[in-house]
Q: 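Pasting in a structure now, in structure tokens, and then I'll have a few things to ask.
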Amino acid sequence: MAKISLTFPDQSQHEFDAGVTTLAVAKSIASSLAKKAVAGNLNGTLVDLDQPLNQDGDLQIITNTDPEGVLVLRDTAAFVLGAALKQLHPDLHFGEHKADDDGFYLDTDRADGQVAVSELPDIKKAMQKIISANQPVERKVVDKADLLKKFADDPYQTLLLNAMDAVQVHVYQLGDYTSFGSRALLKSLAPLKHVELLSVAGAYWQGKSSNPMLQRIYGTAFFKADELDADLKRRAEIKERDHRTIGRDLDIFFVDPEVGAGLPYWMPNGATIRRVIERYIIDKEVADGYEHVYTPVLANLNLYKTSGHWAHYREDMFPPMDMGDGEFLELRPMNCPSHIQIYNHHNRSYRELPVRIAELGMMHRYEKSGALSGLQRVREMTLNDGHTFLAPEQIQSEFKRVLRLMMDVYDDFNITDYTFRLSYRDPANTEKYFDDDEMWNKSQAMLKGAMDDLGLDYYEAEGEAAFYGPKLDVQTKTALGNDETMSTIQLDFMMPEKFQLTYVGADGKDHRPVMMHRGIVGTMERFIAYLMEIYKGAFPTWLAPVQVEIIPVNLDLHTEYAQELQKQLASQGIRVKVDLRNEKMGYKIREAQTQKVPYTLVVGDEELRDQTVSVRRYGEKDANDEAIKMFTDMILDDIHNYSRTGSEKVNSNVETKLDK
RNA sequence: GCCACUUUAGCUCAGCAGGUAGAGCACCACCAUGGUAAGGUGGGGGUCGCCGGUUCAAAUCCGGCAAGUGGCUCCA
């Protein structure tokens with residue numbers, strides 16, 4: 001009998017009869033391993049436990065504690081979901097399915113109305129029936145031609161099959177339900193005990209908005225009950241971190257749909273946070289060589305025709321205002337053309353470069369209604385925008401300089417959870433972008449080169465570039481787990497060309513500068529939404545709308561002292577309030593805590609006598625008596641340090657590389 | 001923009017076999033009130049998202065529109 005040689009993860013090699021199964025291999029190692037085994041990984045491909053192995057290679061036994069094992073479980077759950085739906089609705093069509101870290105989904109389509117959330121409990125019951133019956137799932141290899149006949153009335157399965165090269169296809173079958181395209185499934189349905197169906201949502205067939213929309217059913221599955229419980233709890237707690245919840249509870253912002261969707265109002269609390277950040281970032285940038293300006297939010301449409309926005313970005317722009325005399329005014333969607341006007345207002349010498357123009361620039365973009373979300377996606381936003389005009393040989397050092405500034409700022413906000421993304425144009429869809437292959441190749445290579453030189457980790461994404469050039473994006477995640485861009489550095493050879501920008505070189509001749517677009521804290525809206533989520537609403541002292549809440553024990557006896565304290569603290573720039581409402585002390589303390597005020601000061605007889613304050617920090621149960629001066633020094637220190645506990649930079653790994 | 005669902009007091013929600021509205025919190029008033037997370041009593045507040053239809057009668061049923069939520073597409 002033919003033999004095959006399998007290499008285990010410990011690099012040991014073992015001979016087996018060809019046709020041996022992963023389960024048999026597992027048994028040969030240890031019976032306990034065989035019990036835990038859910039699939040095999042042969043040369044990087046998942047295989048079923050009972051699938052005959054006929055080639056040499058690296059074999060890893062995937063168990064129910066491996067992340068890949070959970071994927072097998074979820075793929076199996078998606079399969080059972082399909083089988084259950086097939087029982088309930090024999091005429092249902094199926095799209096694609098997937099299992100990942102977050103759960104699994106299965107796309108469906110029904111002519112007489114899509115599957116609704118209200119049907120999920122019944123569907124789950126049907127799944128449980130299938131699971132407890134635990135009939136074996138049949139795995140077989142069938143001719144594609146036969147399968148096409150079987151799926152003749154299902155357009156999506158037919159398309160998927162036709163897209164496959166193979167003549168034969170691996171399928172899984174249970175009763176009337178046949179499915180293909182799973183990586184591997186469990187041998188038995190018995191471990192599928194902890195499954196939950198979560199939600200339904202529309203999803204375009206194959207992710208193209210020109211295609212019909214299917215209904216996607218989301219679910220998740222775990223091997224253990226407590227893992228499922230923990231995951232469901234995590235999903236429920238997302239709401240507490242969601243910036244829309246915090247924004248309402250802490251009275252930070254609101255959106256009034258009657259006045260305008262996507263047009264947020266900043267309440268005094270939110271405005272305070274925003275003002276502190278705006279002052280901070282302007283100071284930071286001025287210190288770094290930026291010149292801050294103000295430019296109009298309205299401009300003649302011709303400006304955006306010249307810039308290329310009208311040609312490439314029109315769908316995201318508000319319609320122009322017809323002024324009736326041949327003039328059309330446009331709400332600006334980006335600030336770059338405005339800063340170009342600033343650059344162009346004078347003749348520029350090579351001695352001035354790099355010229356760094358910055359602005360907290362308000363912009364308007366007509367976002368699709370379905371994309372709007374709190375402060376994260378809005379139609380009016382203020383970008384911490386900056387444009388550097390530089391000579392080509394300055395690109396590398398300026399790029400590093402922007403990154404350095406970015407990391408400095410991230411340190412001050414204690415931001416550590418992000419990834420770098422190099423965003424290129426989509427080579428398959430070049431008409432979306434400014435048409436100059438050489439420019440794209442050159443600038444994309446330059447950005448990548450800069451990141452490689454610095455030795456920074458990044459991933460590359462085609463189709464994510466701006467229409468005028470490639471970018472380095474800093475990607476973060478929202479509470480809901482969606483990716484979003486916070487900061488960005490963009491290289492642009494196009495606009496200087498379009499606007500015929502020049503500087504006079506050492507040779508006395510005109511030269512073309514390069515533009516670098518960059519946003520550090522991104523838009524005020526998105527940035528503050530992000531901060532609300534990472535801080536869970538408990539803003540560090542330097543950002544907190546109210547930094548100190550003073551509560552007198554007795555209104556008759558201690559009001560005067562409380563107000564005197566307030567005056568003292570306020571005179572040093574501390575944001576302080578006294579709670580003089582006719583309520584009990586416990587009530588006021590509770591409110592100061594739920595409003596997440598960093599410091600609550602209770603003052604009564606003792607404090608008045610000793611000229612002290614009783615200090616309770618947010619989130620702590622205990623209070624300490626401190627002399628007024630001691631408290632004041634401490635809180636001022638807290639504010640000036642951006643509330644950092646240690647002197648250590650949180651992004652030192654990146655900063656070390658920038659220092660080299 | 002698309003699919004599904006949702007929209008009742010400032011907030012969270014109940015009411016929905018059709019007979020013109022309720023709770024808790026918040027707000028206001030009065031009483032009480034001295035030590036680290038909710039004192040008591042009373043009161044005010046809603047053309048039930050908007051427009052239309054069915055009906056003797058619509059918060060409730062039907063249709064359209066708008067907004068919100070979860071996703072998809074798009075994106076700072």
Side-chain angles (χ1 to χ4, degrees), chain A residues 105 107-109 113-120 198-218 238-239 242 244-245 248-249 251 254-262 313 315-316 333-334 363 365-378 381-385 463-464 466 471 473-476 480 482-488 490 517 519 521-527 529-530 551-558 582-594 600-607 614-616 620-624:
Chain A
Y105 66 70
D107 287 350
T108 63
D109 193 29
Q114 300 290 22
V115 173
V117 219
S118 55
E119 297 174 51
L120 293 184
L198 298 168
S199 61
V200 299
Y204 293 108
W205 165 241
Q206 299 203 316
K208 283 208 187 85
S209 58
S210 51
N211 281 343
M213 181 157 270
L214 310 185
Q215 193 74 339
R216 180 167 293 178
I217 303 173
Y218 287 91
I238 281 173
K239 206 175 172 195
D242 189 312
R244 290 165 297 187
T245 307
R248 190 190 58 234
D249 290 349
D251 212 16
F254 70 94
V255 180
D256 182 352
E258 304 294 317
V259 180
Y313 203 72
E315 274 194 7
D316 295 278
M334 293 187 196
M363 334 183 284
R365 298 183 183 177
Y366 190 75
E367 295 292 339
K368 302 227 161 59
S369 59
L372 299 175
S373 176
L375 287 179
Q376 270 156 358
R377 278 294 281 282
V378 293
M381 70 217 89
T382 298
L383 184 65
N384 162 229
D385 211 353
E464 297 290 346
K471 10 177 223 168
D473 291 320
V474 182
Q475 298 298 111
T476 54
L480 286 172
N482 297 320
D483 254 346
E484 65 179 7
T485 302
M486 190 153 72
S487 310
T488 182
Q490 310 173 353
H517 309 234
V521 301
T523 66
M524 301 317 296
E525 288 76 11
R526 183 171 285 184
F527 187 64
Y530 177 74
I551 298 172
V553 172
N554 181 301
L555 285 182
D556 291 334
L557 300 175
H558 311 126
N582 197 14
E583 291 290 348
K584 299 201 88 160
M585 213 187 79
Y587 180 90
K588 295 180 184 179
I589 287 170
R590 177 176 189 272
E591 189 159 291
Q593 292 293 309
T594 55
T600 304
L601 306 184
V602 174
V603 293
D605 284 344
E606 289 172 41
E607 288 77 16
S614 170
V615 184
R616 175 169 166 158
E620 288 181 10
K621 283 254 174 286
D622 302 326
N624 295 314

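It should be emphasised that the depicted structure is a prediction, and the values quoted were computed from it without experimental measurement. The figures here come from the full heavy-atom set of this structure, side chains too, leaving out hydrogens, waters and symmetry mates. Reminder, nothing fancy here: chain letters follow the sequence lines and each chain counts from 1.
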Q: Applying a 3.5 Å limit to both distances, which nucleotide forms a Watson-Crick or G-U wobble pair with B:G35?
A: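 Partner of B:G35: none.
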Q: Heavy atoms under 4.0 Å, any strand shown: does A:Glu606 hit a base, just sugar-phosphate, or nothing?
A: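 Since a base atom lies under 4.0 Å of A:Glu606, the category is base.
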Q: At under 4.0 Å between heavy atoms, what does A:Gly519 touch on the DNA or RNA strands: base, sugar-phosphate, or nothing?
A: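 Nothing, no heavy atom under 4.0 Å.
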Q: Which whole number of Å gives the distance between the C1' atom of B:U69 and that of B:C56?
A: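 These two C1' atoms come out 39 Å apart once rounded.
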Q: Has A:Tyr587 got a side-chain N or O lying under 4.0 Å from the OP1 or OP2 atom of B:A26?
A: yes
Q: Could you work out which one of B:A76, B:G1, B:A38 sits closest to the side chain of A:Ser369?
A: B:G1
Q: Classify A:Gly522 by what it touches in the nucleic acid, base, sugar-phosphate, or nothing, heavy-atom distance under 4.0 Å.
A: nothing
Q: Base, sugar-phosphate alone, or nothing: which one does A:Thr594 contact when heavy atoms must sit under 4.0 Å apart?
A: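 Since a base atom lies under 4.0 Å of A:Thr594, the category is base.
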Q: Quick check: on RNA chain B, is the nucleotide nearest A:Leu375 upstream (toward 5') of the one nearest A:Asp249, or the reverse? Name the residue that is more 5'.
A: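 Closer to the 5' end of RNA chain B: A:Asp249.
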Q: Nearest-Å distance, CD (A:Glu367) to P (B:A76)?
A: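 Taking CD of A:Glu367 and P of B:A76, I get 9 Å after rounding.
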Q: Of the nucleotides B:C5, B:A67, B:C75, which one has an atom closest to the side chain of A:Ala261?
A: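 Given the options B:C5, B:A67, B:C75, the side chain of A:Ala261 is closest to B:A67.
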Q: So, the side chain of A:Gln215 versus the backbone of A:Val115: is there a donor-acceptor pair under 3.5 Å, distance only?
A: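 Side chain of A:Gln215 to backbone of A:Val115, a donor-acceptor pair under 3.5 Å: yes, one is there.
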Q: From B:G35, B:A4, B:C74, pick the nucleotide closest to the side chain of A:Gln215?
A: B:A4
Q: Looking at B:G1, B:G70, B:G34, which one has an atom nearest to any side-chain atom of A:Asp242?
A: B:G70
Q: For B:U12 and B:G35, measure between their C1' atoms and round to the nearest Å.
A: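 32 Å, rounded to whole Å.
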Q: If B:C65 has a Watson-Crick or G-U wobble mate with both distances under 3.5 Å, name it; if not, just say none.
A: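 The base-pairing partner of B:C65, which may sit in any strand shown, is B:G49.
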Q: Taking the C1' atom of each, how far is B:G19 from B:C31, in whole Å?
A: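 Between the two C1' atoms, the distance is 42 Å.
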Q: On a heavy-atom basis, which atom in A:Val521 and which in A:Met524 lie closest, and how many Å separate them?
A: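 Here A:Val521 and A:Met524 meet closest at CG2-SD, 4.4 Å.
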Q: Can you check the A:Asn482 CG to B:C74 P distance for me, whole Å?
A: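 Rounding to the nearest Å, CG of A:Asn482 and P of B:C74 are 14 Å apart.
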Q: Figure out the CE/C1' separation between A:Met334 and B:A76, and round it to whole Å.
A: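 My rounded result for the distance is 9 Å.
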Q: Under 4.0 Å, heavy atoms only, any strand: does A:Arg248 hit a base, just the sugar-phosphate, or nothing?
A: sugar-phosphate
Q: Minimum heavy-atom separation for A:Ala261 to A:Leu372, with atom names?
A: CB-CD1, 3.7 Å
Q: Between P on B:A76 and NZ on A:Lys368, what's the gap in Å once rounded to a whole number?
A: 13 Å
Q: Applying a 3.5 Å limit to both distances, which nucleotide forms a Watson-Crick or G-U wobble pair with B:C2?
A: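 Pair assignment: B:C2 / B:G71.
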Q: In terms of side-chain heavy atoms of A:Met213, which of B:C2, B:G34, B:C5 is nearest?
A: B:C2
Q: Under a 3.5 Å distance rule, please check whether A:Asp473 uses its side chain to pair with a backbone N or O of A:Gln475 as donor and acceptor.
A: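 No.
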Q: To the nearest Å, how far apart are A:His517 NE2 and B:C75 P?
A: 17 Å
Q: With rounding to whole Å, what would you report as the distance between B:A59 and B:U7 at their C1' atoms?
A: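 About 11 Å, rounded to a whole number of Å.
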Q: Does a distance-only test, which skips hydrogens and angles, find a donor-acceptor pair under 3.5 Å between the side chain of A:Glu591 and the base of B:A26?
A: no
Q: Under the 3.5 Å rule, do the base of B:G35 and the side chain of A:Glu607 count as making a donor-acceptor pair?
A: yes
Q: When both hydrogen-bonding distances must be under 3.5 Å and the geometry is Watson-Crick or G-U wobble, what is B:A29 paired with, if anything?
A: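 Here B:A29 is engaged in a pair, and the nucleotide opposite it is B:U41.
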Q: Can you tell me if the side-chain N/O atoms of A:Arg377 get under 4.0 Å from OP1 or OP2 in B:G71?
A: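 Answer is no, no contact under 4.0 Å.
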Q: Could you please name the option among B:A76, B:A37, B:C72 that lies closest to any side-chain atom of A:Val378?
A: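 Closest nucleotide among those given: B:A76.
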Q: Please classify the nucleic acid contact of A:Leu198 as base, sugar-phosphate, or nothing, using heavy-atom distances under 4.0 Å.
A: nothing
Q: Would you measure the distance from the P atom in B:G49 across to the matching atom in B:A14 and give it in whole Å?
A: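 So the two P atoms sit 14 Å from each other.
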Q: B:A76, OP1 or OP2 - any side-chain N/O from A:Lys471 closer than 4.0 Å?
A: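 So the side chain of A:Lys471 is within the cut-off, an N or O lying under 4.0 Å from OP1 or OP2 of B:A76.
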Q: Measure CG/A:Leu601 against P/B:G35 and give the value in whole Å, please.
A: 18 Å
Q: Using the C1' atom as the reference point in each nucleotide, state the distance between B:U47 and B:G42 in Å, no decimals.
A: 27 Å
Q: Say we look at B:C48 and B:G1: how far apart would their C1' atoms be, to the nearest angstrom?
A: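 Approximately 30 Å lies between the C1' atom of B:C48 and that of B:G1.
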Q: Would you say the base of B:A4 and the side-chain of A:Arg216 have a donor-acceptor pair closer than 3.5 Å?
A: no
Q: Look at A:Ser209 and B:C72 and indicate whether a side-chain polar atom (N or O) is within less than 4.0 Å of OP1 or OP2.
A: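 No, no such contact exists.
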Q: Need one value for A:Tyr218: base, sugar-phosphate or nothing, where a base atom within 4.0 Å counts as base even if backbone is also close, heavy atoms only.
A: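 It contacts sugar-phosphate atoms only.
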Q: Can you tell me whether the side chain of A:Arg365 and the base of B:C74 have a donor-acceptor pair closer than 3.5 Å?
A: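 Per atom types, no contact qualifies.
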Q: To check you understand the geometry: which heavy-atom pair defines the closest contact between A:Arg377 and A:Glu367, and what is its length?
A: NH2-OE1, 2.6 Å
Q: Answer with base, sugar-phosphate or nothing: what part of the nucleic acid does A:Ala201 contact at a heavy-atom distance below 4.0 Å?
A: base
Q: Out of curiosity, A:His558 NE2 to A:Ile551 CD1, how far, rounded to the nearest 0.5 Å?
A: 13.5 Å
Q: Testing the basics here: between A:Val378 and A:Gly262, what is the closest heavy-atom pair and its distance to 0.1 Å?
A: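 Taking A:Val378 first and A:Gly262 second, the nearest heavy atoms are CB-O, 3.3 Å.
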Q: Of all the nucleotides listed (B:A4, B:A76, B:U69), which has the minimum atom distance to the side chain of A:Met381?
A: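 Of the candidates, B:A76 comes closest.
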Q: Return whichever of A:Asn554 or A:Leu214 has its heavy-atom-nearest nucleotide of RNA chain B closer to the 5' end.
A: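 Nearest-nucleotide comparison on RNA chain B picks A:Leu214.
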Q: Are any side-chain N or O atoms of A:Glu525 and backbone N or O atoms of A:Thr382, one a donor and one an acceptor, separated by less than 3.5 Å?
A: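 Such a contact is found between A:Glu525 side chain and A:Thr382 backbone.
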Q: When rounded to the nearest 0.5 angstrom, what is the spacing between NZ in A:Lys588 and OG1 in A:Thr600?
A: 12.5 Å
Q: Any donor-acceptor pair, under 3.5 Å, between the side chain of A:Asn582 and the base of B:A32, if you only look at N and O atoms?
A: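 Counting by modelled atom types and ignoring angles, a donor-acceptor contact under 3.5 Å is found here.
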Q: Ignoring hydrogens and angles, answer whether the base of B:G1 and the side-chain atoms of A:Tyr204 contain a donor-acceptor pair closer than 3.5 Å.
A: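 Present.
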Q: A:Lys239 has an atom NZ; how far is it from atom P of B:U69, in whole Å?
A: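 Rounded to the whole Å, the gap is 11 Å.
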Q: Looking for any heavy atom pair under 4.0 Å, which part of the strands does A:Ile589 touch: base, sugar-phosphate only, or nothing?
A: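 Base, at least one base atom sits under 4.0 Å.
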Q: Base, sugar-phosphate, or nothing: which does A:Gly207 touch, judged by heavy atoms less than 4.0 Å apart?
A: sugar-phosphate
Q: Write down the distance between CD (A:Gln114) and C1' (B:C3), rounded to a whole number of angstrom.
A: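 Taking CD of A:Gln114 and C1' of B:C3, I get 7 Å after rounding.
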Q: Is it the case that the side chain of A:Arg365 and the backbone of A:Pro333 share a donor-acceptor pair, with hydrogens and angles ignored and the cut-off at 3.5 Å?
A: yes
Q: If we take the C1' atom in both B:C13 and B:C51, what is their distance in whole Å?
A: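 Here B:C13 and B:C51 have their C1' atoms 27 Å from each other.
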